[in-house]
Amino acid sequence: MTDHTIHILPEHLANQIAAGEVVQRPESVVKELVENAVDAGASTITVVVKGAGKQLVHVIDDGGGMSKDDLALATVRHATSKIRNESDLHAIRTMGFRGEALASIAAVADVEMRTRRVADDTGWVLHARPGQTPDVAPWAGDVGTQVIVRNLFANVPARRKFLKSDLTEFRHISETMQKLALARPDRRVVFYDGDVLVFDARPADLRDRIAEILAVDARRQLVPVDATEGGVTVRGYVGLPGIARQSRSGQFLFLNGRPIVSRSVAHAVLTAYEHLLDGGQHPVFVLHLDVDPQRVDVNVHPQKHEVKFDDERSVYLLVQQATASALQQSNVIPAFAADLGLAQRPLQSLPMTPSQGGGGLVVNRLTGEIMPSRAGASPRAATQRGYTAAAREGYDQLMSGLMREETPAMPVLQADGRWLVTTSADGLVVVDQQAAHERILFERVMARDAATQHVGQALLFSVQLRMSAAHAALLREYVLEFEALGFRVDAHADGSVDVHAVPADVRPGSEETVLADMLRELEVAGRFPAERRREGLVAIYAARQAVRRGERLQPDEQSQVVRDLFACAVPHMSPRGVPTYVVIPFDEIGSRFR
Ligand code: ADP
Ligand code: MG
């Protein structure tokens, strides 16, 4: 009689335990099967799920297929065709390599695999059920592989109980399908929920693929990013501020084709937007990082996608700079101006009125940032020198087209309480009154000479306000910037605030709400770097004070807004990066009458 209390687990039990790691939910099955299809070189991958994958996951590929002998091995644990030895482990180029997925899935579900190689006369089908020896039989079908997974977790009721609602489980699957489609734009990816086609994405370039999967306008809303440094390449697209989301649902990052999560990279992208985004907004991006697999550890936990880079900081800087320069260089002004040379050069020396500080200023057309020019100092300065006479002319033409209509007075119509419609030489000009007014106020306030800021109107009697200690502290922190705007305040530690003066355009009686609104926005916006604090606060002020959508304007106010907008240094964008106007070309209108 042996004296063992330790024994080796039977294989099916070991697989079932291991499956806990690999197969957590129906989405895991989808992920593993589509990765196998990618590794098999499929050019079309079709996925059908039923009951959020709990009933059925069916993945069809037209890849290389398997021989009868390989098929018999496929569901055995640690059976893989993708690595052979330790040196392969350090240079992995496939999605899978552990040889665990099919074994794990077969331990917790019924699996049917049909496969045929191009060289074989017949294909083969394998049936596997948890705890039973799989059987293989001939199968007549197309070249490629189909894997059908039914009754997931039927033999592990505890796990089945832990699954979330169909809606949630389906959402996980759908996210994985989006990742697949964005990771491999060169493959056709078809996705069905039961009989309902979710998408059928044909091979495309990345830009069109993103447009299809994320439902954005490829030409107008996506900005290309492309940079390489120190063996790391970042390539892809970032979205304009207008399509930023309230969540990170529009953020996709791939490392050598594998979807990953990297908080550091996401942060690098975000900071490149500077104050183009409101607090709480998340930019849309689809970025592919490519690095030498020898330099990155991808041997991460099967379900963990968080990747750490050997040189975290240089990846961060590369992504941040590539995104920032893409945003600066791209045509982010409205699409009608796309043909102007100007559009390709967001940084321009523009003539300024003396009150704006003379000619030595550069305007970032994207951010509206106004800064002193430092000739030859930076790539920005290089861009200014690349500025051509042709571009200048194109711009002048557009502007004079707008201005020509002005004699005697440019007729302006307010439509739907939010658009100001007028004409230029080329078409109908539709101005967003709120965005336009934000731009006007922003430039007006920024143009005031910082030294002679006392544009506030002193109140006859100081107003005493009470605010939260947090707001009072924030007010104290930004007190210089508030003073530059024309506020004069004493904020005390107990949350009481004495207001002695406010900017001229703050209506009496609204001091409290204006301050409270601005502080709330400041809170949401988070910290501005020191050199942008003033701009940041002015942008918030402009947004607070601008006319709203739906606010009726008198005829003279309507034309005033249009006139002031086109007198701005950066008329195209609000300080928050929203387009201020569009032109509907007469040609386009004409063509509609045909
Ligand atoms: P891994 O992908 O880590 O190798 P899997 O358990 O996912 O492990 O798959 C085991 C093996 O089965 C793979 O290495 C591959 O040889 C084969 N295989 C799986 N799916 C397919 C497929 N769709 N087409 C061709 N071969 C496949
Ligand atoms: Mg695999």
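One-based numbering along the sequence shown. For the numbers below, each heavy atom of this structure counts, side chains included, while hydrogens, waters and symmetry mates do not. Computed from a prediction, not measured in an experiment: that's the story for all the values here.
- Residues Q146 and M113 have side chains not in contact (no heavy-atom distance under 4.5 Å, counting atoms from C-beta outward).
- The 12-atom threshold is not exceeded at CG of D121, counting heavy atoms of other residues, nucleotides or ligands nearer than 6.0 Å.
- Using modelled atom types, one side-chain atom of Q221 and one backbone atom of D217 make a donor-acceptor pair closer than 3.5 Å.
- At a threshold of 4.5 Å between non-hydrogen side-chain atoms, the residues F191 and L180 do not count as touching.
- In this structure, the side chain of R116 engages the main chain of G141 through a donor-acceptor pair within 3.5 Å.
- Looking only at side-chain heavy atoms (C-beta outward), R25 and K164 come within less than 4.5 Å of each other.
- Closest approach of Q178 to F252, counting heavy atoms only: OE1-CZ, 3.4 Å.
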N/O donor to acceptor pairs below 3.5 angstrom from side-chain atoms of residues 152-162, sequence neighbours left out:
residue, atom, partner, partner atom, Å
N155, ND2, A107, O, 3.0
R160, NH1, L152, O, 2.6

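- Summarising the geometry, atom OG1 belonging to T176 is positioned 9.0 Å from atom CD belonging to E35; distances are rounded to the nearest 0.5 Å.
- Annotation: the span from D110 atom CG to I148 atom CD1 amounts to 11.5 Å, rounded to 0.5 Å.
- At least one donor-acceptor pair closer than 3.5 Å links the side chain of R187 to the backbone N or O of A42.
- Within the 4.5 Å cutoff, the side chain of P26 has heavy atoms near those of the I173 side chain.
- A pairwise comparison of heavy atoms in A272 and A324 identifies CB-N, 3.6 Å as the closest pair.
- Shown here for H288 and A183, the closest heavy-atom pair between the two residues is CE1-O, 3.5 Å.
- To the nearest 0.5 angstrom, L182 atom CG is 5.5 Å from L214 atom CG.
- Residue L9 qualifies as enclosed at atom CG: its count of foreign heavy atoms under 6.0 Å is above 12.
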Exercise for review: Please report the C-alpha distance between Q281 and Y273 in whole Å, then the side-chain angles of each, then the deciding distance to 0.1 Å, and finally whether the side-chain contact (heavy atoms from CB on, under 4.5 Å) criterion is met.
Suggested key: CA-CA 11 Å; Q281 285 193 304; Y273 280 75; over 6 Å; no

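- Applying the 6.0 Å contact sphere to NZ of K50 captures no more than 12 heavy atoms from other residues, nucleotides or ligands.
- By the 4.0 Å N-to-carboxylate-O rule, R150 lies close enough to E112 to be salt-bridged with it.
- Rounding to the nearest 0.5 Å gives a distance of 4.0 Å between CG of L253 and CD1 of I260.
- Between the N256 side chain and the V291 main chain, a donor and an acceptor come within less than 3.5 Å of each other.
- Formation of a donor-acceptor pair under 3.5 Å by the R209 side chain with backbone atoms of I213 is not found in this model.
- Comment: D432 does not engage R418 in a salt bridge, judged by the lack of any side-chain N to carboxylate O separation of less than 4.0 angstrom.
- With sequence neighbours excluded, the residues satisfying side chain to side chain donor-acceptor pair (under 3.5 Å) with T115 are T145.
- Legend: side-chain hydrogen bond (donor to acceptor under 3.5 Å, both in side chains) pairs involving residues 122-136, not counting sequence neighbours: none detected.
- Remark: the backbone N or O of E27 is not paired with any side-chain donor or acceptor of E169 at under 3.5 angstrom.
- Side-chain contact between D61 and N36: absent, with no pair of heavy atoms (C-beta onward) separated by less than 4.5 Å.
- For D186, the CG atom counts as densely surrounded, since its 6.0 Å shell holds more than 12 non-hydrogen atoms of other residues, nucleotides or ligands.
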Inset, instruction - Before giving the answer on side-chain contact (heavy atoms from CB on, under 4.5 Å), spell out for V198 and F170 the whole-Å C-alpha distance, their side-chain angles and the decisive distance to 0.1 Å. - result: CA-CA 12 Å; V198 182; F170 183 79; 4.2 Å; yes

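- Between the side chains of H58 and Y192, no donor-acceptor pair of N or O atoms lies under 3.5 Å.
- A distance of 10.5 Å separates OH in Y316 from OG in S262, rounded to the nearest 0.5 Å.
- The closest side-chain heavy-atom distance from S67 to R117 is below 4.5 Å.
- Between D195 and V48 there is no side-chain heavy-atom pair separated by less than 4.5 Å.
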**Report entry** Derivation and outcome, side-chain contact (heavy atoms from CB on, under 4.5 Å), residues D193 and V49
**Finding:** CA-CA 5 Å; D193 176 14; V49 300; 4.2 Å; yes

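- P283 is listed as a side-chain neighbour of Q251, based on a closest heavy-atom distance under 4.5 Å.
- Nearest heavy atoms, A181 versus V189: CA-CG2, 4.1 Å.
- Side chains of D62 and S43: a donor on one and an acceptor on the other come within 3.5 Å.
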For H4 and H7, run side-chain contact (heavy atoms from CB on, under 4.5 Å): C-alpha distance rounded to whole Å, both residues' side-chain angles, the deciding distance at 0.1 Å, then the answer.
CA-CA 7 Å; H4 283 310; H7 53 266; 5.7 Å; no

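- The pair D290-R235 does not count as a salt bridge, with every side-chain nitrogen at least 4.0 angstrom from each carboxylate oxygen.
- Within 6.0 Å of the CG atom in D142, the count of heavy atoms belonging to other residues, nucleotides or ligands does not exceed 12.
- Minimum heavy-atom separation, L318 to V232: CD2-O, 3.5 Å.
- The CE atom of M95 lies 5.0 Å from the CZ atom of R184; values are rounded to the nearest 0.5 Å.
- Taking each heavy atom of V225 and A322 in turn, the nearest pair found is CG1-CB, 3.7 Å.
- Using a 4.0 Å cut-off between charged side-chain N and carboxylate O, R171 and E175 make no salt bridge.
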